[in-house]
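Take a look at the structure set out below.
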Amino acid sequence: MTLQLGVIGTGAIGRDHIHRITNKLSGAKIVAVTDVNSEQAHAVVKAENINAKVYKTGHDVINASDVDAILVTSWGPSHEEFVLASIAAGKPVFCEKPLATTAAACKRIVDAEIAHGKQLVQVGFMRRYDQGYRALKKVIDNGQIGEALMVHCAHRNPSVDSTYTGDMALTDSFVHEIDVLRWLLNDDYISAQVILPRRTRLADKNLQDPHFVLLETKQGIRIDAEIFVTCKYGYDIQCQVVGETGTANLPEPLSVLMRSEAKLSTEILTDWKKRFLSSYDSELQEWIDSTIKGEMHGPSAWDGYFASVTADACVAAKHSGNIIPITMPERPAFYARK
Ligand SMILES: NC(=O)C1=CN([C@@H]2O[C@H](COP(=O)(O)OP(=O)(O)OC[C@H]3O[C@@H](n4cnc5c(N)ncnc54)[C@H](O)[C@@H]3O)[C@@H](O)[C@H]2O)C=CC1
Ligand SMILES: O=C1[C@H](O)[C@H](O)[C@@H](O)[C@H](O)[C@H]1O
């Protein structure tokens, strides 16, 4: 069977996913696309040389009779309506993070999926598919450094564009750490604190940058995370887990160690598309394979909801200066940990 996919949003990651599904992955093809910028949608169909129809709206894509499953790669505020429409149509949907831009919207999606009776929603938290994070998780799960006590993280972008505003460092960037650390530690969060260091002069004057976040987990693990989105030098993701008997670091991406011109150097990537390229490939190949079998094994709508509740707590902590408790309802059996 070849899964026939519809894509809503043909921007940066939408184009990237269309390219990998068309040229690298197996078991699926793109038959429908849409974008509010329809010229862009037509341009992607032409550039990727795919036999896909350009529709006027995301709902047209979802309801197209030849579309088996949907990829939502539009802006965050549009995710809720398209994910809810996909559930209503009974079609599996891969929604790029965030699942939705508020916890309340995520809860509406969770409630709709439970009412539907079968999991259909996967959220694009691709770091769970990164070989480096998977190797790190194996060390922790095998007890090779004893119990995890602390985690030190850094999420650094070289720059962001003018659409990156307000609290996106927490709701759009840090949301990756929020999800991957729950998975890595097999734990949940109970509180968030946000500290604002001295601002860099190199960010937009209206953008607070960097942010420093402190999270506490149910098991008492303390996490500190720096989010610095105009660091200039590169796209640099760091994660160190400190255990009772040792430390374990997220591996650096493969890079040749050069000795030349009296320097010792390795390359630092500058683009998230390249840093997590194989993670996106694995994430979508596993989603295609599972969807063909009528299964769903990836980050669920519940994970998307938890990430949104935690991100909202971080935003509240940032603006209040207080330590904000993170409370989630009991995980429904419908979303039992796999
Ligand atoms: N997993 C990851 O590492 C990444 C995830 N993302 C997520 O993917 C989503 C898209 O991000 P980018 O591709 O960077 O943005 P982008 O701005 O490059 O592309 C988004 C596209 O969606 C279109 N769009 C917006 N609302 C729409 C609607 N209602 N109907 C149809 N098309 C609509 C826009 O015209 C634009 O072409 C965001 O939710 C973002 O958080 C983005 C980058 C990396
Ligand atoms: O999801 C992403 C990218 O993966 C980057 O890590 C973030 O910094 C960016 O803001 C977001 O779009």
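In listed order, ligands and their atoms are each counted from 1. Just so we're clear, the structure is a prediction, and the values are computed from it rather than from any experiment.
Heavy-atom proximity to H79, at under 4.0 Å, picks out these atoms of ligand 1: 39 (O). Atoms of ligand 1 lying under 4.0 Å from any heavy atom of Y280, numbered from 1 in the order shown and given with element: 1 (N), 2 (C), 3 (O), 44 (C). Near F82, the atoms of ligand 1 lying under 4.0 angstrom from a non-hydrogen atom of the residue are 28 (C), 29 (N), 30 (N).
Both the backbone and the side chain of A12 come within 4.0 Å of ligand 1, counting heavy atoms alone. Residue contacts with ligand 1, taken as heavy atom pairs separated by less than 4.0 Å, involve K97 via backbone and side-chain atoms alike.
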Determine, step by step, whether H319 and D167 satisfy the side chain to side chain contact (heavy atoms under 4.5 Å, CB included) criterion, reporting the C-alpha distance in whole Å, the side-chain angles of both residues, the deciding distance to 0.1 Å, and the verdict. CA-CA 10 Å; H319 294 290; D167 299 316; 3.0 Å; yes
Is there a salt bridge (Lys or Arg N to Asp or Glu O under 4.0 Å) between R20 and D281? Walk through the geometry before answering. CA-CA 7 Å; R20 63 173 40 89; D281 291 349; 2.6 Å; yes
For ligand 2, list every N/O pair with the protein closer than 3.5 Å, one pair per line with the distance.
| unit_1 | atom_1 | unit_2 | atom_2 | d |
| --- | --- | --- | --- | --- |
| ligand 2 | 1 (O) | K97 | NZ | 2.9 |
| ligand 2 | 1 (O) | H176 | NE2 | 2.7 |
| ligand 2 | 4 (O) | H176 | NE2 | 3.3 |
| ligand 2 | 6 (O) | H155 | NE2 | 3.0 |
| ligand 2 | 6 (O) | Y235 | OH | 2.5 |
| ligand 2 | 8 (O) | H155 | NE2 | 2.9 |
| ligand 2 | 8 (O) | N157 | OD1 | 2.9 |
| ligand 2 | 8 (O) | N157 | ND2 | 2.9 |
| ligand 2 | 8 (O) | S173 | OG | 3.0 |
| ligand 2 | 10 (O) | D172 | OD2 | 3.2 |
| ligand 2 | 10 (O) | S173 | OG | 2.8 |
| ligand 2 | 12 (O) | D172 | OD2 | 3.2 |

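Checked by distance only, ligand 1 and I13 come closer than 3.5 Å through their nitrogen or oxygen atoms. Remark: ligand 1 and T34 share no N or O pair separated by less than 3.5 Å (distance only, no angle test). At a 3.5 angstrom cut-off on N or O pairs, D35 counts as close to ligand 1.
Using a 4.0 angstrom heavy-atom cutoff, R15 does not count as in contact with ligand 1. Under a 4.0 Å heavy-atom criterion, F125 is not in contact with ligand 1. Residue G124 places a heavy atom less than 4.0 Å from ligand 1.
By the 6.0 Å and 45° rule, R156 does not stack over the aromatic ring of Y233.
Put simply, the side chain of D179 never gets that close to the backbone of H176: no donor and acceptor are under 3.5 Å apart. Formation of a donor-acceptor pair under 3.5 Å by the D35 side chain with backbone atoms of Q40 is not found in this model. Between the side chain of R127 and the backbone N or O of V180 there is no donor-acceptor pair closer than 3.5 Å.
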